[in-house]
Amino acid sequence: MQLGGAVLEVAAIPAPAGAPAGWAPLVFLHEGLGSVALWRDWPARLCAATGRAGWVYSRQGYGRSSPVADVRGAGRLRPDYMHREALDVLPALLAKLGVERPVLVGHSDGGTIALIHAAAHPVAACVVMAPHVMVEDVSLASINEARHAFEQGGLRERLARFHDDVDAAFWQWNDVWLSPAFRDFDIRAEIAAIGAPLLAIQGLQDPYGTLAQIDEVARAVPRAELLKLPDCGHSPHRDQPEAVTAAIADFLHRAGR
């Protein structure tokens, strides 16, 4: 799909047969190294479980979307890159898809983008898994380990199956997170404006963030529901797919259309 000066990889998931008409579709927002393909089949399974259609897309520089030119130079992401995605790119994409009030389902960076968008735009509901509302030392340590794995381990080869330009995909995320300017990233005050139903999910063994992340979500948005999962790392939908799918289906059932 053409959007501005980029072509974005977008996949549609039809609503299951017999699903009620008019329910808000799920819009999936991927993690810092994610893409349409890296979600695997979980979005389709969640759509089936919730009786809703869905949309999945890869941000620019990820998956099969247009690359980012000179990603470590003039094209380097700025510390406000998640705000730009949430407030500029996502609204334009939703308008082109004809979606007015989506259910946002975001993971990691995608969860942060979902929170920022939901604080500024109407959404039917918001589900975030392992979001980042502030920068923690544990996050930076794990991201630094990811850099080592990309340069000297097998991470680059594993990711290359999912991204047309694997180096651009990795460095645009890794460089901005480890930049001194990003250390002050904090959206806790901003997300207090969220009025939609909100579910925040995090694993107890998440190496990229402590439970303080979703506790701070609940502090900013007292109506938010929290799900803290044992035996679960940074990807609840992969580590505990049945529990996460059931929790989201129940949450959306109670939230209504």
Side-chain angles (χ1 to χ4, degrees), residues 24-32 50 59 77-95 99-140 143 173 176-177 179-204 206 208-229 232 234 236-237 244 247-248 250-257:
L26 308 181
V27 175
F28 294 84
L29 307 173
H30 65 73
E31 62 186 303
T50 58
R59 299 195 296 274
L77 292 184
R78 297 176 298 178
D80 67 346
Y81 76 99
M82 288 187 278
H83 282 82
R84 299 284 64 79
E85 189 72 26
L87 303 178
D88 297 336
V89 178
L90 183 55
L93 176 64
L94 293 174
V99 176
E100 294 183 357
R101 294 174 61 90
V103 174
L104 298 179
V105 181
H107 173 221
S108 191
D109 276 18
T112 304
I113 292 165
L115 291 170
I116 296 170
H117 182 90
H121 294 274
V123 299
C126 186
V127 177
V128 295
M129 301 179 292
H132 305 284
V133 298
M134 57 189 176
V135 177
E136 295 182 283
D137 289 340
V138 65
S139 307
L140 299 180
I143 291 169
W173 165 76
V176 69
W177 264 90
S179 66
F182 192 72
R183 194 64 179 84
D184 294 330
F185 178 84
D186 191 325
I187 62 169
R188 285 175 286 183
E190 187 173 349
I191 64 174
I194 295 175
L198 173 60
L199 172 64
I201 303 170
Q202 189 151 355
L204 299 183
D206 188 345
Y208 284 90
T210 71
L211 292 175
Q213 296 287 345
I214 63 170
D215 286 340
E216 289 297 314
V217 169
R219 189 186 304 275
V221 187
R223 300 173 305 282
E225 299 182 24
L226 303 186
L227 175 61
K228 301 176 180 180
L229 291 169
C232 182
H234 188 58
H237 61 294
V244 169
I248 295 174
D250 175 69
F251 167 72
L252 291 180
H253 176 75
R254 289 184 285 105
R257 291 179 58 188

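At most 12 heavy atoms of other shown residues, nucleotides or ligands fall within 6.0 angstrom of atom CZ in R78. Within a 6.0 Å radius of CZ in R84, more than 12 heavy atoms belonging to other residues, nucleotides or ligands are found.
For the atom pair CG of L94 and CD of E100, the computed distance is 10.0 Å after rounding to the nearest 0.5 Å. Rounding to the nearest 0.5 Å places CG of L29 at 5.5 Å from CG of L104. In this structure, NE2 in H107 is found 5.0 Å from CD in E31, a value given to the nearest 0.5 Å. Note that CD of E190 and NE2 of H83 are 3.5 Å apart. Values are rounded to the nearest 0.5 Å. Between atom CG of residue L229 and atom CG of residue L204 there is a gap of 7.0 Å, rounded to the nearest 0.5 Å. We find the NE2-CG distance between H117 and L87 to be 8.5 Å, quoted to the nearest 0.5 Å.
Although no hydrogens or angles enter the test, the distance criterion places a donor-acceptor pair under 3.5 Å between the side chain of R183 and the main chain of V135. A donor-acceptor pair is defined here as one N or O able to donate and one able to accept, closer than 3.5 Å; no such pair exists between the side chain of H237 and the backbone of V244. Panel note: side chain E85, backbone L90; no donor-acceptor pair is recorded below 3.5 Å.
Of the candidates T112, L115, V128, V133 forms a side-chain contact (heavy atoms from CB on, under 4.5 Å) with just one, namely L115. Screening F185, F182, W177 against H132 for a ring pair (Phe, Tyr, Trp, His ring centres under 6.0 Å) leaves a single residue, W177.
Ring-plane geometry between Y208 and H234 is classed as tilted, the angle between the planes lying from 30 to 60 degrees on a 0 to 90 degree scale.
Between M134 and R188, the closest side-chain pair of non-hydrogen atoms falls below 4.5 Å. Annotation: side chain of L26 is in contact with side chain of L252 (closest heavy-atom distance under 4.5 Å). Side-chain atoms of P131 and I214, non-hydrogen and from C-beta on, do get closer than 4.5 Å to each other.
Between R254 and D250, at least one side-chain N (NZ, or NE/NH1/NH2) sits under 4.0 Å from a carboxylate O, which counts as a salt bridge.
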Please set out all donor-acceptor pairs under 3.5 angstrom arising from side-chain atoms of residues 193-202, sequence neighbours excluded.
from: Q202; atom 1: NE2; to: D206; atom 2: OD2; distance (Å): 3.4
from: Q202; atom 1: NE2; to: G209; atom 2: O; distance (Å): 3.0
from: Q202; atom 1: NE2; to: T210; atom 2: O; distance (Å): 3.0

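Across every non-hydrogen atom of H121 and A86, the tightest pair is CD2-O, 4.5 Å. The shortest non-hydrogen separation linking P102 to V123 is O-CB, 3.4 Å. Closest non-hydrogen pair, E136 versus A212, comes out as OE2-CB, 4.1 Å. Heavy atoms only, all atoms of each residue included: L211 and G203 are closest at CD2-O, 4.2 Å. Minimum interatomic distance between A192 and V221 (heavy atoms only, all atoms of both residues): CA-CG2, 4.4 Å. Pairing each heavy atom of F251 with each of V127, the nearest pair is CE2-CG2, 3.8 Å.
No donor-acceptor contact under 3.5 angstrom links the side chains of Y81 and W173, judged on distance only.
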| query | Taking it one step at a time, do D215 and K228 satisfy side-chain contact (heavy atoms from CB on, under 4.5 Å)? | reply | CA-CA 10 Å; D215 286 340; K228 301 176 180 180; 2.8 Å; yes
| CA sep, side-chain torsions, deciding dist, call: R59, I113, side-chain contact (heavy atoms from CB on, under 4.5 Å) | CA-CA 11 Å; R59 299 195 296 274; I113 292 165; 3.8 Å; yes
